[in-house]
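Each remark here refers to the structure printed beneath this line.
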Amino acid sequence: MATKLDLYRPDRSRRPYWLGLLIAVDQLANAALGGYVDETLSSRAHREGWRQAERLIDGLFWWDRQGEIRHCELAFYGELVREHFPPAAAPDPLPAGV
């Protein structure tokens, strides 16, 4: 049976400079709130099960989705598949179903 992670399509293209800066500010805010330093608030909201925060963030980023997978879940899956690693430093992909 396919999971949502199986349906997820990673985007390994290089992000624009301004988007990288916004992600860095997001990660700083997450770290300041006691989260992991390399995780965004969106990913954390999904991982921690913060349903109200996840609904709010998904509403703000309503256009960022892949089918039924919305923004926060996309951010979480991006962390799982290490989408943010540069190509030369990217580790082996995770096995299917993880």
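Remember, predicted model here, so these are calculated numbers, not experimental data. We number each residue from 1, following the sequence as shown.
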L21 and L19: same hydrophobic cluster, using ILVMFWY side-chain contacts below 4.5 Å?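 Different hydrophobic clusters.
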If Ile, Leu, Val, Met, Phe, Trp and Tyr residues are connected whenever their side-chain heavy atoms lie under 4.5 Å apart, and connections chain through other members, are L74 and W63 in the same group? no
Is a salt bridge present between R70 and E73, judged by a nitrogen-to-oxygen distance below 4.0 Å? no
Gap separating the [atom1] atom of [X] from the [atom2] atom of [Y], nearest 0.5 angstrom:
X: I69; Y: D64; atom1: CD1; atom2: CG; result: 11.0 Å
X: W50; Y: I57; atom1: CH2; atom2: CD1; result: 8.5 Å
X: C72; Y: E48; atom1: SG; atom2: CD; result: 12.5 Å

For Q27, which residues count as a side-chain contact (heavy atoms from CB on, under 4.5 Å) partner, sequence neighbours excluded?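 Scan of Q27 (side-chain contact (heavy atoms from CB on, under 4.5 Å), adjacent residues dropped) gives I23, D38, T40.
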Residue list, side-chain contact (heavy atoms from CB on, under 4.5 Å) with N30, at least two apart or on another chain: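 With neighbours one apart ignored, the set is E39, L41, R44.
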Does any part of the side chain of Y36, heavy atoms only, come nearer than 4.5 Å to the side chain of R47, both counted from C-beta? yes
Measure up the F61 and H71 rings against each other and bin them: parallel (under 30°), tilted (30 to 60°), perpendicular (over 60°). parallel
